[in-house]
Amino acid sequence: MNPPSIISLSGLDFKYAANQPLVLRGLSLDIPTGSLTAILGPNGGGKTTLLHILLGLLSPEAGTLHIAGRAPAEYSRRELSRIIGLVPQNEHIPFDFSLLDYVLLGRAPYLGALEQPGDQDQVCALKALETAGLAAMCHRPVTTLSGGERQLAMIARALAQSPRILLLDEPTSHLDLANRRAVHDVLRRLADEGVTVIFSSHDPNLAASTANHVVLLRSGMVLAAGPAEAVLTAELLTTTYGLPVQVITCDAHRVIVS
């Protein structure tokens, strides 16, 4: 039996302005609870737009969306922020926060106006830093971190929200091999702990090495969705990216080349 879906979309349309074309069209999709889902497709295919709709930052033109069984309008902004965390591609940090103070910003959905983080918030932030492998540098200024460390710091801040769903937009696009591996390991660990992880990427090899569920998106439409081994085929990837793609199995791992 298939696991229940934590996110369900049906017939979703979206465009940024009335006189512009649809960015997402007739999009129907189910994300299994506890899955590690990759949303794959070429640039401009609607991946980031879809993540922002899931987060509640954008509203669809038509269709339905349910998160944990409820429509987004049934949640307050604070309730939704406790369920879903977002890790953007990059972020400008205007203040010279320590890493711990930066991660504590993720506790905002649990604090009242002008309320300062308490002991429990500190515990959550330190646990998030430990999960991201950054606990030893918690007092370092964020501005001194490397690109890979900053990416892990953004993940830690989102984890401090204690979300049931974690969204990541191109989480490894600017990272070297070592930091790509570090992010990969964190995502796998979170999925093992029951967090539903959804990340966008244009790199099918990241999906092949990380995800257990894959969505192929092109021109705002779902071409295929399901278990990674069923979706990451040469035929489907060729259609998605519009160029010949081969899938090679080596030591039980899939390598995708074009």
Side-chain angles (χ1 to χ4, degrees), residues 7 9 12-29 31 35-61 63 65 84-92 147-148 150-152 154-155 158 165-177 179-181 183-184 187 197-226 228 231-248 254-258:
I7 292 174
L9 306 92
L12 213 69
D13 289 345
F14 177 82
K15 56 184 173 181
Y16 283 97
N19 60 347
Q20 293 184 357
L22 290 171
V23 178
L24 301 176
R25 61 192 72 199
L27 195 148
S28 297
L29 182 64
I31 303 294
S35 66
L36 209 171
T37 293
I39 301 175
L40 281 182
N43 291 334
K47 301 186 299 296
T48 298
T49 298
L50 176 56
L51 292 185
H52 287 173
I53 288 174
L54 296 181
L55 195 67
L57 298 178
L58 298 173
S59 298
E61 297 276 322
L65 166 63
I84 304 180
L86 173 69
V87 180
Q89 286 191 47
N90 49 58
E91 180 178 61
H92 173 63
R150 280 198 179 209
Q151 187 70 24
L152 290 166
M154 288 193 290
I155 292 174
I165 304 167
L166 183 64
L167 309 177
L168 303 99
D169 193 8
E170 300 278 2
T172 64
S173 59
H174 303 297
L175 302 185
D176 60 25
L177 287 176
N179 282 306
R180 284 169 65 93
R181 184 68 189 185
V183 170
H184 167 279
L187 298 186
V197 178
I198 305 169
F199 67 89
S200 69
S201 181
H202 61 269
D203 180 6
N205 280 300
L206 176 63
S209 64
T210 307
N212 55 27
H213 189 264
V214 174
V215 177
L216 299 182
L217 199 63
R218 181 178 176 86
S219 300
M221 296 183 290
V222 174
L223 299 184
V231 172
L232 294 176
T233 67
E235 181 180 3
L236 287 172
L237 291 170
T238 294
T239 301
T240 300
Y241 289 97
L243 76 168
V245 174
Q246 292 181 302
V247 179
I248 301 168
R254 291 184 299 276
V255 178
I256 298 163
V257 295
S258 61

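Minimum interatomic distance between Leu175 and Gly148 (heavy atoms only, all atoms of both residues): CD2-CA, 3.6 Å. Contact between Pro171 and Val183 at its shortest, heavy atoms only, is CB-CG1, 4.3 Å.
Scanning for side-chain hydrogen bond (donor to acceptor under 3.5 Å, both in side chains) contacts around Asp203 gives Arg180, with sequence neighbours left out. Judged as a side-chain hydrogen bond (donor to acceptor under 3.5 Å, both in side chains), and not counting sequence neighbours, Ser201 has no contacts.
For the atom pair OG of Ser200 and NE2 of His52, the computed distance is 9.0 Å after rounding to the nearest 0.5 Å. To the nearest 0.5 Å, the span separating CZ on Phe199 from CG on Leu36 amounts to 6.0 Å. With rounding to the nearest 0.5 angstrom, the CE atom of Met154 is 9.5 Å from the CG atom of Leu86.
Here the rule is side chain to side chain contact (heavy atoms under 4.5 Å, CB included) with Val87, and of Leu51, Leu152, Leu166 only Leu166 fits it. Of the candidates Thr233, Val245, Leu243, Val245 is the only one forming a side chain to side chain contact (heavy atoms under 4.5 Å, CB included) with Thr238.
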Mind listing the side-chain donor-acceptor pairs of residues 14-25 below 3.5 Å, one per line with the distance, residues two or more places apart or on another chain?
| from | atom 1 | to | atom 2 | distance (Å) |
| --- | --- | --- | --- | --- |
| Lys15 | NZ | Ala18 | O | 3.3 |
| Tyr16 | OH | Thr49 | OG1 | 2.6 |
| Arg25 | NE | Ser219 | O | 3.4 |
| Arg25 | NH2 | Leu22 | O | 3.1 |

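Contact annotation: the side chain of Val197 never approaches that of Thr210 to less than 4.5 Å [non-hydrogen atoms, C-beta and beyond]. Two residues are said to be in side-chain contact when any heavy atoms from C-beta on lie closer than 4.5 Å; Leu55 and Leu167 meet this criterion. A heavy-atom distance below 4.5 Å is found between the side chains of Ile7 and Leu65. Using a 4.5 Å heavy-atom cutoff, the side chains of Val247 and Leu232 are not in contact. In this structure, Leu236 and Leu223 have side chains that are not in contact, with every pair of non-hydrogen atoms separated by 4.5 Å or more.
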Leu187 vs Leu168, test: side-chain contact (heavy atoms from CB on, under 4.5 Å). Steps then yes/no. CA-CA 10 Å; Leu187 298 186; Leu168 303 99; 3.9 Å; yes

Full working for side-chain contact (heavy atoms from CB on, under 4.5 Å) between Ile31 and Leu54: CA-CA 11 Å; Ile31 303 294; Leu54 296 181; 5.8 Å; no

With side-chain contact (heavy atoms from CB on, under 4.5 Å) as the criterion, how do Leu27 and Leu217 come out once you've worked through the C-alpha distance, each side chain's angles and the decisive distance to 0.1 Å? CA-CA 9 Å; Leu27 195 148; Leu217 199 63; 3.7 Å; yes

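Heavy atoms of other residues, nucleotides or ligands lying less than 6.0 angstrom from CD of Gln246 number 12 at most. More than 12 heavy atoms of other shown residues, nucleotides or ligands fall within 6.0 angstrom of atom CD1 in Ile248.
Of the possible polar contacts, none joining the Gln151 side chain to the Thr172 backbone as a donor-acceptor pair under 3.5 Å is found. In this structure, the side chain of Asn212 does not engage the main chain of Ser35 through any donor-acceptor pair within 3.5 Å. Side chain of Ser209 to main chain of Leu206: a donor-acceptor pair is present (N/O by atom type, distance under 3.5 Å, no hydrogens or angles).
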